[in-house]
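First up is the structure itself, then whatever we jot down about it.
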Protein chains: 2
Amino acid sequence: METRELRYFVAVAEESHFGRAAERLGIAQPALSRAVQKMERRLGTPLFVRSGRTVSLTAAGTVLLDEGRHALAAVAAADRRTRRAAPDGRPGLALVAKAGVSVELLAKLLDAYAAEPDAAEVEVILAGLEPGEPERMLRDGRADVALLVADGHVLGGLDHEDIATEGRMVVLPAGHPLAARATMTVDELPALPRPCWPEDGLEVRDGTQLLQLIALGRAFSVLPESSRPALPAGVVAVPLAGASPVVTRIAWPSHSRSLAVAALVRVATRL
Amino acid sequence: METRELRYFVAVAEESHFGRAAERLGIAQPALSRAVQKMERRLGTPLFVRSGRTVSLTAAGTVLLDEGRHALAAVAAADRRTRRAAPDGRPGLALVAKAGVSVELLAKLLDAYAAEPDAAEVEVILAGLEPGEPERMLRDGRADVALLVADGHVLGGLDHEDIATEGRMVVLPAGHPLAARATMTVDELPALPRPCWPEDGLEVRDGTQLLQLIALGRAFSVLPESSRPALPAGVVAVPLAGASPVVTRIAWPSHSRSLAVAALVRVATRL
DNA sequence: TACACTTACGATTGACGTAAGCATC
DNA sequence: GATGCTTACGTCAATCGTAAGTGTA
């Protein structure tokens, strides 16, 4: 099975339509039809049910869609990581930081790693808000290591190590009645007005907007303690007792044998 | 990057020789040379250092060998699992049992699973002695689940669940001075004569030979308690105190979304 | 000089696009 | 009758094998 065929199959499966898939792939529709037929002949089983003018996956097709995506991700990873290992001046390590991780922690990690002997150049990628995006990037080779906030989600195929634990704090307008409190408990939270966002992390782009809203008395929020230096004037942070701690962890593909990744992980666990 | 190219590259990398690799691939040597050159051109980096009459990997080549093998395994897995999902009478689930797991436990698992509603047909594969072979079979799709004995080795990319724990016993010739003991400790083991094999598991084919050797007074062994029913006349088993327990676990690819695998794992954890 | 990778060239295979066919809604 | 997958056919690109070339031990 060639990767080109897998790409063709996945396109048809995702579109449930040969015509649209062909357009997406930039080829004519008959070529796509033939390619899928060839796969079905070689696999000895139909992948699609063509009933009338609808196309749907068979059981075998469902399996191939799942496994094929993983295979394509693995091929893409091989390509990207090979290019990254090219011996010119480009970065040798791609680190993806999920939105919500402490910028201070990231900076500390990068500094500590850069001080190591034989440290590779590190390209830092900031992931968007989509859940699972850093994991996807590790799998398809766009990144080699990820810095993320533990959210109970299982990381299939990835190894990880917790590197920092911190408390949470409530961020309030400076004039709020509770702003003078030395500490608050989670039981007191429901009494506060909406919106309460974000629960688990601070999204970089809109984070400042949120803080402005708080300063204006239009919102409050719960953030990790490490966000305290980033707070503007007009807001107050009160430590929150009884809340689950925010755990930052470093993750990497469990099959990784990169020395650079190993060194970065070692540095991270010793921060 | 096409899988054909990856296969070509891996062959050359493994042989360190274009000629032998071409022979192994069943193609002429110049075709192989051209294919690798094409990959190097597209990746923008050399993969091999051709110095005189020796061929060796560059740093980028080393990365591609590692990642490429994973990608090829993923493609092979996609192929095999799709064929296995074909809707005819073939088995829907391939279980690999590592040498050393209790046959009784395996039988109990298969019986319990077969009693489940919508149970798939299970093809049982007995793996050889090579360490890591069941893991490889899970990765390249020859198997969907594995039954193995925990050996401290990390299972990269695999999820697992412990399903049985048992003690160990010392197997001695019936006439041995220690055969009458009700129990032994690990401290007493070094006093016994060689060979002491196997440490962690009973290999099926040669296991009977080992037991015959013990009956003849030429050896002894340490086996899991579950092997007791398989002992022939002429040997005696003495429980071993203080030894690390034998843990049998079930493992599967962490990205598996197969309902059949999930059902089998659920049954296994409830044994 | 022999071994081993590369370049050159002609042949074959296979993938593609256009056009016609055929079934379903 | 229109939509949409399939079959037919001619074209083009890619891969392959044989043969000649080049460079090192």
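All values below come from the heavy atoms of this structure, side chains included, with hydrogens, waters and symmetry mates left out. Order of the sequence lines sets the chain letters (A, B, ...), proteins ahead of strands, with each chain counted from 1.
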Quiz item: If only atom types and distance count, is the side chain of B:Tyr113 paired as donor or acceptor with the main-chain N or O of B:Ala120 below 3.5 Å?
Solution: yes
Practice problem: Could you tell me whether the side chain of A:Ser254 and the main chain of A:Asp159 form a donor-acceptor pair under 3.5 Å? | Solution: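 Answer holds: no.
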Quiz item: Is a donor-acceptor pair below 3.5 Å formed from side chain B:Arg53 to base C:dC3, judging by atom type as modelled?
Solution: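 Per atom types, the contact qualifies.
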Practice problem: Mark yes or no for a side-chain to base donor-acceptor pair under 3.5 Å between B:Arg50 and D:dG23, with no hydrogen or angle criteria applied. | Solution: no
Considering only side-chain heavy atoms of [X], which listed nucleotide, [options], is closest?
| X | options | result |
| --- | --- | --- |
| A:Gln37 | D:dT7, C:dC16, D:dC5 | D:dT7 |
| B:Pro30 | C:dA4, C:dG14, C:dT6 | C:dT6 |
| B:Ser33 | C:dC16, C:dC5, D:dG17 | C:dC5 |

Practice problem: Might you point out which heavy atoms bring B:Pro46 and B:Thr58 nearest each other, and give the distance in Å? | Solution: O-OG1, 2.9 Å
Quiz prompt | Minimal non-hydrogen separation, A:Gly68 against A:Leu6, with atom names | solution =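 Closest approach of A:Gly68 to A:Leu6: CA-CD2, 4.0 Å.
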Value in whole Å for how far the [atom2] atom of [N] lies from [atom1] of [X]:
| X | N | atom1 | atom2 | value |
| --- | --- | --- | --- | --- |
| B:Phe48 | C:dA4 | CZ | P | 16 Å |
| B:Arg41 | C:dT6 | CZ | P | 11 Å |
| B:Glu40 | C:dC5 | CD | P | 13 Å |
| B:Gln29 | C:dT7 | CD | P | 11 Å |
| A:Arg4 | D:dA13 | CZ | C1' | 12 Å |

Quiz item: Hey, does A:Arg34 reach any base, or is it just sugar-phosphate, or nothing, if we go heavy atoms under 4.0 Å?
Solution: base
Practice problem: Could you list by number each residue of residues 5-27 of chain B showing a heavy-atom separation from DNA chain D of less than 4.0 Å, or answer none if no residue does? | Solution: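 B:Tyr8, B:Gly26, B:Ile27, in order of number.
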Self-check item: Ring-face cation contact, B:Phe9 with B:Arg7, 6.0 Å cut, 45° max
Solution: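 No.
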Self-check item: Phosphate OP1/OP2 of D:dA14 contacted by B:Lys38 side-chain N/O (<4.0 Å)
Solution: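 No, because none of the side-chain N or O atoms of B:Lys38 sits under 4.0 Å from OP1 or OP2 of D:dA14.
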Practice problem: Determine the sole option in A:Leu57, A:Leu47, A:Leu32, A:Leu65 for which the side chain to side chain contact (heavy atoms under 4.5 Å, CB included) test with A:Val12 is passed. | Solution: A:Leu32
Quiz item: Hey, is B:Asp79 close enough to B:Arg83 for a salt bridge, meaning N to O under 4.0 Å?
Solution: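 Judged by the 4.0 Å cut-off on N to carboxylate O distance, B:Asp79 and B:Arg83 do form a salt bridge.
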